[in-house]
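The first residue of the sequence shown is numbered 1, and numbering continues consecutively from there.
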Amino acid sequence: MVIFIYILLILLSFTALYPFWNTLVVSLNEGLDTAKGGITFWPRAFTWTNYEIVFTNDRIIQSFGISILRTVIGTVSAIFMTALLAYGMSKSYLMGRKFLTIFFIFTLYFGGGLVPTYLLIKSLGLMNNFLVFIIPGLISVWNMIIFRTFFKSLPNGLEESAQIDGCSNWGVFLRIVLPLSGPVIATLSLFTAISHWNDWFTPTIYITNQDLMPVQTILRRILNANLINDVIGGGDSLASEKLSKKSLTSKSLISATVMVVSLPIIVVYPFVQRYFVNGVMVGSLKE
């Protein structure tokens with residue numbers, strides 16, 4: 001029975017990991033050679049050319065910067081604002097606490113829809129504005145519930161002793177509560193960062209300025225429209241000539257772009273993995 005379980009887990013792991021590994025192999029193989037087929041586990045004609053093309057493209061480099069900036073600012077601001085709201089909601093003496101709880105939970109099940117949201121974003125002047133990546137995602141109700149439940153599990157004596165020593169509410173929150181919330185913050189920060197990094201829909205709807213396009217939106221355009229000219233030369237008329245000279249194909253360049261976009265989050269994941277069970281379980285089960 002144990003052997004069967006191990007075999008099943010190995011097969012499931014292989015099913016999940018092989019597409020990613022194959023994409024990596026294709027990205028490291030010459031494009032024209034890949035077109036012949038038969039590339040499975042190892043590159044047959046190893047090359048760095050695909051990555052050289054991707055990393056020398058100004059549009060992709062700029063979009064990478066937008067994605068990194070958005071992810072860092074969006075994650076830090078969202079976690080802080082959500083934790084701040086949750087801290088207030090964790091206090092039983094807060095006036096209208098039950099009403100506010102119902103109000104927030106209501107938004108988890110019902111939304112205004114795309115058209116009202118678009119009109120709201122437009123009326124706020126966030127169209128073609130970097131803040132459209134930040135402001136709408138400042139508060140996550142789900143994360144707020146996890147934060148609130150964790151805060152309620154903290155001993156009241158910690159805050160009382162700090163207040164006796166002259167610490168203000170802001171001081172208690174910043175110096176006592178947040179430092180003790182490390183596992184929850186790390187876990188929810190990763191979830192938030194992944195959400196920001198992978199989001200291609202927001203710029204598709206609210207951004208037309210090419211200078212504000214994140215890398216995920218650029219990648220989606222490449223995948224959907226096969227816009228290889230955008231990758232190798234930003235619409236250069238000599239794109240086809242470059243393809244032939246460098247032994248490139250659309251598949252090899254797309255694979256390299258996918259790897260470049262995916263690796264940052266994959267690299268970050270191991271550093272916060274140990275917080276997952278501790279952070280989410282403590283924040284969701286203790287009441």
Side-chain angles (χ1 to χ4, degrees), residues 1-31 33-48 50-51 54 67 71 75 78-79 82 105 108-109 140-150 152-153 180-201 215-216 219-220 222-224 249-287:
M1 184 63 181
V2 175
I3 296 177
F4 173 77
I5 293 176
Y6 276 111
I7 293 175
L8 180 61
L9 291 176
I10 291 173
L11 291 176
L12 290 175
S13 301
F14 175 80
T15 303
L17 294 176
Y18 176 72
F20 182 82
W21 176 257
N22 183 253
T23 301
L24 175 62
V25 171
V26 170
S27 70
L28 293 172
N29 198 75
E30 288 187 359
D33 182 74
T34 302
K36 300 176 183 178
I39 303 297
T40 53
F41 293 99
W42 304 104
R44 191 165 51 206
F46 183 85
T47 181
W48 291 106
N50 300 318
Y51 289 96
V54 171
S67 291
T71 302
T75 300
I79 291 298
T82 302
I105 293 178
L108 289 175
Y109 298 96
S140 168
V141 176
W142 178 257
N143 291 348
M144 185 273 290
I145 294 174
I146 295 178
F147 266 125
R148 184 196 65 176
T149 308
F150 177 78
K152 290 174 65 176
S153 69
L180 292 175
S181 308
V184 179
I185 291 176
T187 303
L188 297 183
S189 293
L190 179 63
F191 293 157
T192 305
I194 291 176
S195 177
H196 276 287
W197 184 264
N198 289 336
D199 179 29
W200 57 266
F201 185 76
V215 69
Q216 293 291 354
L219 175 61
R220 179 179 178 272
I222 295 172
L223 293 173
N224 285 358
T249 62
S250 59
K251 183 176 181 180
S252 62
L253 286 174
I254 288 174
S255 298
T257 308
V258 169
M259 293 304 303
V260 169
V261 171
S262 303
L263 281 177
I265 290 297
I266 295 176
V267 170
V268 171
Y269 177 81
F271 293 98
V272 295
Q273 181 183 13
R274 63 193 180 98
Y275 292 113
F276 270 24
V277 175
N278 189 24
V280 175
M281 295 300 290
V282 169
S284 60
L285 295 182
K286 283 189 176 181
E287 185 67 62

Inset, instruction - Output the distance between atom CZ (F201) and atom CZ (R220), rounded to the nearest 0.5 Å. - result: 9.0 Å
Inset, instruction - Could you verify whether a donor N or O on one side chain and an acceptor N or O on the other, from N50 and S27, lie under 3.5 Å apart? - result: no
Legend entry - By ring pair (Phe, Tyr, Trp, His ring centres under 6.0 Å) - contacts of W142 (at least two apart): none
Inset, instruction - Might you point out which heavy atoms bring V141 and I105 nearest each other, and give the distance in Å? - result: CG1-N, 4.3 Å
Legend entry - Any residue meeting side-chain contact (heavy atoms from CB on, under 4.5 Å) with T40, in chain and number order, not counting sequence neighbours: Y18
Inset, instruction - Compare all side-chain heavy atoms of F191 with those of S140 and state whether any distance is below 4.5 angstrom. - result: no
Legend entry - side-chain hydrogen bond (donor to acceptor under 3.5 Å, both in side chains) partners for T47, two or more places apart: T49
Inset, instruction - Measure the OG1-CD1 distance between T187 and I146 for me, rounded to the nearest 0.5 Å. - result: 8.5 Å
Legend entry - Results of ring pair (Phe, Tyr, Trp, His ring centres under 6.0 Å) for W21 - residues two or more places apart only: W42
Legend entry - Rounded distance [0.5 Å steps], OG in S255 versus OH in Y51: 8.0 Å
Inset, instruction - State the CZ-OG distance between F147 and S181, to the nearest 0.5 angstrom. - result: 6.5 Å
Inset, instruction - Kindly write out the residues that satisfy side-chain hydrogen bond (donor to acceptor under 3.5 Å, both in side chains) with T34, not counting sequence neighbours, or none if the list is empty. - result: N29
Inset, instruction - With sequence neighbours left out, write down each residue that passes side-chain contact (heavy atoms from CB on, under 4.5 Å) with S189, or none if nothing qualifies. - result: T75, I79, I185
Tell me which donor-acceptor pairs under 3.5 Å the side chains of residues 5-15 have, and how far apart each pair is, sequence neighbours excluded?
residue, atom, partner, partner atom, Å
S13, OG, L9, O, 2.8
T15, OG1, L11, O, 2.8

Inset, instruction - Would you please name every residue forming a side-chain hydrogen bond (donor to acceptor under 3.5 Å, both in side chains) with T82, sequence neighbours left out? - result: none
Legend entry - side-chain contact (heavy atoms from CB on, under 4.5 Å) between W48 and L28, intermediate numbers included: CA-CA 6 Å; W48 291 106; L28 293 172; 3.8 Å; yes
Inset, instruction - Give every residue pair that meets the salt bridge (Lys or Arg N to Asp or Glu O under 4.0 Å) criterion with at least one member in residues 182-200, sequence neighbours excluded. - result: R70-D199
Legend entry - Euclidean distance, H196 NE2 relative to I265 CD1, rounded to 0.5 Å: 11.0 Å
Inset, instruction - Output all residues satisfying side-chain contact (heavy atoms from CB on, under 4.5 Å) with S67, sequence neighbours left out; order by chain, then residue number. - result: W197, P214, V215
